[in-house]
Every structure is written in structure tokens, then in C-alpha cells.
Number of protein chains: 2
Amino acid sequence: MTDPLSPVFAALADPTRRAILSMLLEDDMAVTDVAEPFQMSLAAISKHLQVLADARLITREKRGRVIWCKLDPDAFRAASVWMQGFGQFEPVDLDAFERFLETEFSAPPED
Amino acid sequence: MTDPLSPVFAALADPTRRAILSMLLEDDMAVTDVAEPFQMSLAAISKHLQVLADARLITREKRGRVIWCKLDPDAFRAASVWMQGFGQFEPVDLDAFERFLETEFSAPPED
DNA sequence: GTCATATTCAACCTTTCGGTTGACGATCTC
DNA sequence: GAGATCGTCAACCGAAAGGTTGAATATGAC
């Protein structure tokens with residue numbers, strides 16, 4: 001079953017994991033540092049990070065004996081897009097937004 | 001614990017519940033009609049609807065012996081706003097999006 | 001090589017989740 | 001009132017979630 005959305009929302013359903021994501025918004029972090037503010041075992045945090053990685057909300061990269069965790073925006077975007085389908089009955093003109101996105105993505109990057 | 005986000009994401013984590021929400025996007029529905037396309041008992045669907053209602057993603061209103069379910073946009077919006085905090089480091093040109101929103105909201109509707 | 005550090009693995013426990021079935025209360029129809 | 005329909009409740013079940021502890025595995029420092 002290829003349902004990428006379920007693991008994303010399931011991962012976001014836990015306040016500890018959302019807190020971790022907020023921390024990672026500031027900066028990439030090592031596992032031990034992620035665990036520090038929480039009153040639970042390192043193994044528990046390690047599991048939470050695994051859940052986040054399975055949902056592709058974060059990536060982990062090993063450098064030396066330290067594993068660095070960083071946010072991965074892709075899964076956020078997919079979930080966000082799905083949710084915005086339910087924003088349709090709010091004031092933003094979605095057709096206009098789509099036209100905006102099209103020009104936004106098709107335009108050659110300037111520098 | 002007042003954590004409104006956790007039940008919302010937990011509710012969205014189940015594909016059956018997301019399918020129900022998509023159906024409600026079309027129109028308000030009675031519980032029996034919601035259950036019809038699914039291969040599970042009415043009681044199971046009833047539980048799913050309870051979860052969605054607890055998360056305030058839907059509201060239910062009893063008229064006669066029929067209970068009508070309808071989407072409630074507020075919880076969607078709250079979750080969507082939270083997620084957009086993590087979309088900020090994505091490639092979409094946010095400044096351009098803001099300009100888009102501004103014209104979108106300030107321009108008098110043309111026809 | 002030895003010792004400390006960083007992280008995961010494995011086994012376990014308790015609680016929650018998602019489903020079932022059968023009985024029940026309300027409501028409409030006749 | 002009798003009978004069908006709408007929806008929930010209650011009890012149960014197996015699987016998954018979220019935590020613990022203790023051992024294991026890499027790696028870095030000396």
C-alpha cells in the first residue's frame with residue numbers, strides 16, 4: 001500500500017514529535033541534543049526520530065559517531081497540499097493560486 | 001491537556017477518515033450514506049465519525065432520525081497554519097505569494 | 001588497547017486503535 | 001401499536017503505539 005500521507009499525519013499526531021520538529025526548525029541537531037529537553041529515555045527519542053524519518057519528515061546523516069537530524073520539507077508539502085483542499089471553502093481564490101504557482105514554477109530562476 | 005492539534009492529526013492519519021472527509025467536501029451526508037461505500041460495519045464508521053467530531057473536523061446535527069455530518073473548517077485551518085510554519089524554507093517564492101494574496105484580497109472583483 | 005560517548009537493538013509492558021458482533025433507543029411509516 | 005430504519009453502545013479481540021530497561025555496536029579520545 002503506497003499511502004504516503006498516513007505516516008505523515010500519524011507522526012504529526014504526537015506532541016513530542018511536533019516539538020522535535022519545531023526544534024529542528026531552528027537548526028539541525030544531533031540525537032543526544034534533541035533528547036536533552038525531554039523527560040524520557042534516549043531510546044524513546046530515538047524511536048520518535050525513526051517515526052519522523054519513516055514519514056520522511058526528517059532525514060538523518062551520520063558524521064563520525066554523531067547522527068545529525070534535519071527537516072525534510074517534501075512530506076510537509078504533500079500533507080499541506082492535501083489539507084488545502086479543505087480550505088476551499090475559505091476566501092482564497094484557488095484558481096488564481098494555481099495560476100500563481102504555475103508561473104512561479106515555470107519561470108526560469110533568476111539571480 | 002489542551003492540545004487541539006494532536007487529535008486533529010491523529011484523525012487525519014487514518015485513510016478511511018480522510019476518505020470520509022473528501023466525501024463530505026462534496027456535500028453534507030447522513031451517517032448511513034457515509035458508510036455505504038466502505039467495506040466495514042456501520043458501527044466502525046460511526047466510531048470514525050466520532051473521532052472526526054472529537055477533533056472538531058466535522059460537526060453532526062440530528063434532524064429526525066437522521067444525523068447529518070458536515071465539515072468544520074476551523075480545525076483544518078489551525079493544523080494548516082501550524083504546518084505552514086514548516087513550509088517556509090521551501091522553494092516557493094513567499095514574497096510573490098504575499099503579493100498575490102494582497103492583490104487577491106484588495107482588488108475589487110472584476111468580471 | 002582502553003575507556004568514554006553516541007546511538008540503536010531487543011525484549012518487555014501497558015494503553016490505545018480499529019475492527020467485529022449483538023443489543024438497545026429513537027424515530028418514521030403504516 | 002407494529003414493524004422497519006437510523007445510529008449508538010457495550011463487550012470483546014488482535015495489532016500497533018509509546019514507553020521502559022539492559023545489552024550491543026560504532027566511533028572518538030587518550
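Numbers restart at 1 for each chain; the letters A, B, ... are given by sequence-line order, proteins then strands. Remember, it's a predicted structure, so these values are computed and weren't measured experimentally.
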Q: Could you check how far CD1 of A/Ile67 sits from P of D/dG28, rounded to whole Å?
A: 12 Å

Q.
Heavy atoms only, 4.0 Å cut-off, all strands: where does A/Arg63 land among base, sugar-phosphate and nothing?
A. nothing

Q. Over how many whole Å does the gap from B/Asp14 atom CG to C/dC17 atom P extend?
A. 11 Å

**Q.** Minimum heavy-atom distance B/Phe9-A/Arg18, with the two atoms named
**A.** CE1-CD, 4.0 Å

Q: Start with the C-alpha distance between A/Ser80 and B/Phe86, add both sets of side-chain angles, then the distance that settles side-chain contact (heavy atoms from CB on, under 4.5 Å), and finish with yes or no.
A: CA-CA 10 Å; A/Ser80 202; B/Phe86 295 90; over 6 Å; no

Show me, pair by pair, the donor-acceptor contacts under 3.5 angstrom made by side chains of residues 30-43 of chain A, not counting sequence neighbours?
residue	atom	partner	partner atom	Å
A/Ser41	OG	A/Ala44	N	3.1

**Q.** Residue pair A/Ala11 / A/Val51: nearest heavy atoms and the distance that separates them
**A.** CB-CG1, 4.0 Å

**Q.** Residues within residues 32-46 of chain B bordering DNA chain C, heavy-atom distance below 4.0 Å
**A.** B/Met40, B/Ser41, B/Ala43, B/Ala44

Q) Between NZ of B/Lys70 and OG1 of B/Thr59, what distance do you get to the nearest 0.5 Å? A) 5.5 Å

Q.
Atom CZ of residue position B/Arg56 - does it have more than 12 heavy atoms of other residues, nucleotides or ligands inside 6.0 Å?
A. no

Q) Between B/Lys47 (NZ) and C/dC17 (P), how many Å, whole number? A) 11 Å

Q) When the distance from CE of A/Met29 to P of C/dT7 is rounded to whole Å, what number comes out? A) 11 Å

Q. Tell me: CD of A/Gln50 to C1' of D/dA17, nearest whole Å?
A. 14 Å

Q | Axis deviation across the helix from C/dG1-D/dC30 to C/dC30-D/dG1, five-pair ends, to the nearest 10° | A | 30°

(Q) Quick check on DNA chain C: between B/Lys62 and A/Ala30, whose nearest nucleotide comes earlier from the 5' end? (A) A/Ala30

Q: Would you give the length of the straight line joining atom CE of A/Met29 to atom CH2 of A/Trp68, rounded to the nearest 0.5 angstrom?
A: 8.5 Å

Q) If you pin A/His48 and B/Trp68 to their nearest nucleotides in DNA chain D, which one's is more 5'? A) B/Trp68

Q.
Expressed as a whole number of angstroms, how long is the span from B/Ile58:CD1 to D/dG7:P?
A. 12 Å

Q: Using a cut-off of strictly less than 4.0 Å, decide whether B/Arg60 has a side-chain nitrogen or oxygen near OP1 or OP2 of D/dT8.
A: yes

Q. Quick one: CG on B/Asp28 to CG on B/Leu71, what's the gap to the nearest 0.5 Å?
A. 7.5 Å

Q: Measure the distance from CZ on B/Arg65 to C1' on D/dC6 and round it to the nearest whole Å.
A: 6 Å

Q | Atom-pair distance (CG on A/Asp3; C1' on C/dG18), nearest Å | A | 15 Å

Q) With the 4.5 Å side-chain cut-off for hydrophobic clustering, are B/Met23 and B/Ile45 part of the same group? A) yes

